[in-house]
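Inspection log for the structure reproduced underneath, given as structure tokens.
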Amino acid sequence: MSVLISGAGIAGLTLAYWLRRRGIEPVVVEHAPHGRLGGYGVDFFGTGYDVAARMGILDRLTPHRLPVDTVEFVDASGRSSSRLSAGLLERVIRGPHLPLMHTTLEGALLDAVAGEVEIRFADSVAEVRDTGDAVEVGFAGGAGGRFDLLVGADGIHSRTRELVFGAESRFVRPLGTRLASYPVPDRYGWGRVRAHYTEPGRQVVVYPGGEPGTLVALLLFRSPQGGSVPRDQRTGLLRERFAGAGWLTPSLLADAPAGESIFMDAMAQVVMPAWHRGRVVLIGDACGCMTMVSAQGVSMAMAGAYALAEALAAEPGHERAFARYEARMRPEVRRRQRNALLFARMLLPSGRAGLAVQGLANRIITRQTFAPVLRRQFGAGSILPPATTGGS
């Protein structure tokens, strides 16, 4: 069986690994020249950690753990008003936890499939024709190919989804918030803390980066418009939206790189009535984006890839395999989307009263007695059954 995977992100690379492990031949096509390496941090625990352990890549990840022990909510002077301590975090997750840069995880996945899987960088799917017995694909680079199956693992703005299921506007639900992330030099002697500073309609987050002497700035702000912002306009937009903001914001904006180096996107969820059609199926953010605030996007992307590879190896036909995969993953994704939607609505209060309510909620929820509540909110446990002999 030949499977074309559109997208060499976390979902696509994880799927390629497990398909190859199960005797299925994958080919990966990726529009970026060297992979989609995003400059932001991810919380890695639960199902994603479980899948990575079965892949044998934890030894490549652990040395690059971000030096973050606590989460603090600070005021304009930098004084902490509430704190999510390491002890509380351990009670919430109740298992291994690796804060990582997105680049670290994608790099380890690329290493895991190197020499085993064909990856065609700087190309993408441009045309799709499902003939019933195969999928004929035309590539943006001009060539074409015929495959047994096509998997869209190309993210929230999936071209595969658009070609096969319809326009992005039918499935993507913007949440009225835009986020941006970029590295800055550590001019502050920053400790092992991720700090959150919130004003009405905007928030600034700072945490240690993947390289010594660097920090990551994450800026979120209300923005009713969806769609992308041209790269050369991103720095200017941030400086406009965060003009007059307190705490470290002026310094972080002064250190912002050229807009081309800033990751920026609208916070949105993807909601679809079905994740497969004919010989085409979607995984990861392409079909079930939960937003970054869910802290579960990476885990569910890896879980979905694992579940799809398992179903394709176990079922006699792709129809049954796709149905099995979707039945396994959809309830988990829906639950996390609901939780993330509730959290996202409270993320950026519109006024001072809402900000005061948020501060009170932060002080309450970061008490030890609320660990079970946070655990339910972020779905920290693994959804995979125990591994069989041999780690598969």
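For the single chain, residues carry numbers from 1 onward in sequence order. Because only heavy atoms are used, hydrogens play no part in the values below, and waters and symmetry mates are left out as well, while side chains stay in.
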Could you tell me whether a side-chain N or O of Asp123 sits under 3.5 Å from a main-chain N or O of Gly141, the two making a donor and an acceptor?
yes
Residues forming a side-chain contact (heavy atoms from CB on, under 4.5 Å) with Pro331, sequence neighbours excluded
none
Is it the case that the side chains of Gln203 and Thr198 hold a donor-acceptor pair, with the cut-off being a distance below 3.5 Å and no angle test?
yes
Determine, for Tyr306 and Arg22, whether the Lys NZ or Arg CZ falls below 6.0 Å from the six-membered ring centre while staying within 45 degrees of the axis.
yes
For residues Ser124 and Glu30, determine if any side-chain heavy atom of one lies less than 4.5 Å from a side-chain heavy atom of the other.
no
Partner set under salt bridge (Lys or Arg N to Asp or Glu O under 4.0 Å) for Arg279, not counting sequence neighbours:
none
Tell me, which pairs form a ring-ring contact (aromatic ring centres under 6.0 Å, His included) where one or both residues lie in residues 275-301, sequence neighbours left out?
Trp275-Tyr325, His276-Phe322
Using the side-chain hydrogen bond (donor to acceptor under 3.5 Å, both in side chains) rule, collect all pairs that involve residues 126-137, keeping only residues at least two apart or in two chains.
Arg129-Glu136, Thr131-Asp133, Asp133-Arg146, Glu136-Arg146
Is there a side-chain contact between Arg194 and Asp43 in this structure, where contact means two heavy atoms from C-beta onward sitting under 4.5 Å apart?
yes
If the plane angle is over 60° it's perpendicular, under 30° parallel, otherwise tilted; pick one for Phe45 and His97.
perpendicular
Check: Asp75/Ser81 side-chain N/O donor and acceptor closer than 3.5 Å:
no
So Phe44 and Tyr49, would you call those rings parallel, tilted or perpendicular, with 30° and 60° as cut-offs?
tilted
Geometric cation-pi criterion Arg161 and Phe171, 6.0 Å radius, 45° cone
no
Using the ring pair (Phe, Tyr, Trp, His ring centres under 6.0 Å) criterion, which residues pair with His157? Sequence neighbours excluded.
none
Just jot down the ring pair (Phe, Tyr, Trp, His ring centres under 6.0 Å) partners of Tyr17, sequence neighbours excluded, or say none.
none
Residue pair Val135 / Leu4, side-chain heavy-atom distance below 4.5 Å
no
